[in-house]
Amino acid sequence: MDTEILMKELAQRVKTASRVMGSLSTATKNAWLMQSAERIERMKTEIQKANEGDLEGGKARGLSSAMLDRLALTDKRIREITLALREIAALPDPVGEISGVVPRPSGIFVGKMRVPIGVIGVIYESRPNVTVDAAALCLKAGNAVVLRGGSEAFHSNRALAETLRAACAGTEVPPDAIGFVNTTDRKAVRLLLTMDDCIDMVVPRGGKPLVKLVSETARMPVLKHYDGNCHVYVDEDADLDKALRICMNAKVQRPGVCNAAETFLIHESVAESFLPRLGKALIEKGVEIRGCPKTCRLIPEAKPATDQDWDEEYLDLIIAIRVVPSFEEAMDHIARHSSSHTEAIVTENHTRAMRFLREVDSSSVMVNASTRFSDGGEYGLGAEIGISTNKLHARGPVGLEGLTTQKFIVFGDGQVRE
């Protein structure tokens, strides 16, 4: 089928389904979520077989080990996917929530009601679990969804989407509320971004080129999930044992994700004692270090950092390290180079910690914790559709509430305006 016809028909079906989704009860949506978890468990072998095809294709295309890790649907990842579905089912449903009702002099009562956005397009790369997270969150929040994953995960995404659609059987959830773009034709993305008559908001999840394309092309609002150039600053008053654990976790626990640290900033007063320890631990884990001159002196294995390194999201076992003369210089560096995703300070100084929280302008700011905690599941959202670096309308990990909007509601008893 011609791609343009395919996309128009898909968008229209999803738009029609969205009207049904907005009226469904919480119990109905939760029943679909629970059936989806059970069906994915039953279909695990078939889903992983489709994933193996994508992994083989990725290896043939020369994808990095970090990218292949993002692509893999291991037994552990399947368990995490089904756990997320059940956690989302257990979360309070924000749809229909009424707040802020106040009386007005006219006698009317004015408040707000939380309602679905409508149809949400999600364009994403590499990680097939996004297929499930996005669909589950969008539908629990009363929306319908159009899913367009990357070609490298096409078979995995399709297998998961088909499983979710099949789980609609026996519920009132329309299968067309889960629209999967069943083509790898790149033209489909540009077509989707022009369909503001059917799609109310789009969420890009991927690298800078994808987010830039979506932001510049979309006719509908964009909830940007920009890159994660995350920083950990080790302060002069840091507990260095604590700092070592946090830095190592932030970099190596899972380097191919957006909340992994890409730059360490080390106060010069602790650099002599801390950097050799940190360098040894990183090198033992296979991390390539790119550092400022002081870092290279203290870690001989480090390569000199270029100006570009301070702005880089590596998504790999690579870290940039800079020694800074002061807390203020660390914050200036973050202000210049951060992507506004997640930053952390390691310090025992309460005053400095609170300044860091107040003054660092990122969607998540942490004290004495790994940047890897910047995650919807870890924040109690059940799962996330992305981590928004926007300031409007949602910021940080976006869960159910971020996938709804509000409308004004008015209660009267026959009042008319004079």
Side-chain angles (χ1 to χ4, degrees), residues 11-35 87-122 134-146 168 170-179 195-203 218-223 363 376 379-386 388 390-418:
Q12 288 290 346
R13 291 198 305 271
V14 177
K15 181 70 172 178
T16 300
S18 73
R19 295 183 62 191
V20 178
M21 287 304 306
S23 65
L24 294 182
S25 69
T26 302
T28 296
K29 293 182 287 187
N30 287 345
W32 170 75
L33 287 163
M34 299 302 287
Q35 285 189 192
E87 286 179 344
I88 293 167
L91 291 172
D93 187 348
V95 177
E97 177 185 288
I98 295 174
S99 60
V101 179
V102 295
R104 300 296 301 149
S106 62
I108 64 171
F109 287 77
V110 179
K112 289 184 177 181
M113 176 182 284
R114 193 160 289 282
V115 295
I117 289 172
V119 177
I120 298 175
V122 186
L137 286 165
C138 287
L139 269 64
K140 174 72 183 253
N143 303 291
V145 66
V146 176
C168 296
T171 77
E172 295 176 56
V173 175
D176 282 339
I178 307 152
M195 294 178 173
D196 54 323
D197 57 330
C198 291
I199 298 171
D200 299 290
M201 183 176 78
V202 65
V203 182
R219 293 182 184 172
M220 64 287 291
V222 178
L223 190 70
S363 67
Y379 285 4
L381 305 181
E384 67 188 35
I385 200 167
S388 170
N390 284 0
K391 293 190 179 181
L392 297 173
H393 76 287
R395 196 177 193 196
V398 178
L400 293 175
E401 187 173 297
L403 295 173
T404 62
T405 186
Q406 288 182 305
K407 64 183 177 185
F408 280 96
I409 57 172
V410 176
F411 297 97
D413 187 25
Q415 287 84 356
V416 295
R417 188 167 178 179
E418 297 296 335

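The structure presented is a predicted model; accordingly, all values stated were derived computationally and were not measured. Positions are given from 1 along the sequence.
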Could you pull out all donor-acceptor pairs under 3.5 Å where a side-chain atom in residues 403-418 meets a protein atom, sequence neighbours excluded?
residue: T404; atom: OG1; partner: R114; partner atom: NH1; Å: 2.9
residue: T404; atom: OG1; partner: E401; partner atom: O; Å: 2.7
residue: Q415; atom: OE1; partner: D413; partner atom: N; Å: 2.5
residue: Q415; atom: NE2; partner: G107; partner atom: O; Å: 3.3

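Here the straight-line distance linking atom CZ of R219 with atom CE of M195 works out to 10.0 Å at 0.5 Å rounding. Summarising the geometry, atom CE belonging to M220 is positioned 8.0 Å from atom CG belonging to D197; distances are rounded to the nearest 0.5 Å. Going from atom NZ of K391 over to atom OG of S363 covers 11.0 Å, rounded to the nearest 0.5 Å. Distance check, rounded to the nearest 0.5 Å: CE of M34 to NZ of K29 gives 16.0 Å. Here the CZ-CG distance, from R395 to N390, works out to 9.0 Å after rounding to the nearest 0.5 Å. Taken from NE2 in H393 to CD1 in I117, the straight-line distance is 4.0 Å, to the nearest 0.5 Å.
Pairing each heavy atom of A134 with each of V122, the nearest pair is CB-CG2, 4.0 Å. Nearest approach of V95 to G142, heavy atoms of both residues: CG2-N, 4.2 Å. Shortest non-hydrogen contact noted between E384 and P397 is OE1-CB, 3.6 Å. Contact record, F109 with P103: CE2-CB, 3.7 Å, taken as the closest heavy-atom pair. L400 approaches P92 most closely through the heavy-atom pair CD1-O, 3.7 Å. Heavy-atom minimum distance, C168 versus W32: SG-NE1, 3.6 Å.
Looking at L139, L381, L33 one by one, the single match for side-chain contact (heavy atoms from CB on, under 4.5 Å) with I88 turns out to be L33. Evaluated for a side-chain contact (heavy atoms from CB on, under 4.5 Å) with L137, the options I385, V145, V398 yield exactly one hit, I385.
Side-chain atoms of N30 do not come within 3.5 Å of backbone N or O of D93 as any donor-acceptor pair. In terms of modelled atom types and a separation under 3.5 Å, the side chain of S388 and the main chain of A394 share a donor-acceptor contact.
For the pair S18/D200, no side-chain contact is recorded, criterion being any heavy-atom separation below 4.5 Å from C-beta on.
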Between L223 and M201, does the side chain to side chain contact (heavy atoms under 4.5 Å, CB included) criterion hold? Intermediate values first, please. CA-CA 7 Å; L223 190 70; M201 183 176 78; 4.2 Å; yes

Take C198 and V146 through the side chain to side chain contact (heavy atoms under 4.5 Å, CB included) test and state the conclusion after the steps. CA-CA 10 Å; C198 291; V146 176; over 6 Å; no

How far apart are the C-alpha atoms of M21 and N143, what are their side-chain angles, what is the distance that settles it, and do they pass the side chain to side chain contact (heavy atoms under 4.5 Å, CB included) test? CA-CA 6 Å; M21 287 304 306; N143 303 291; over 6 Å; no

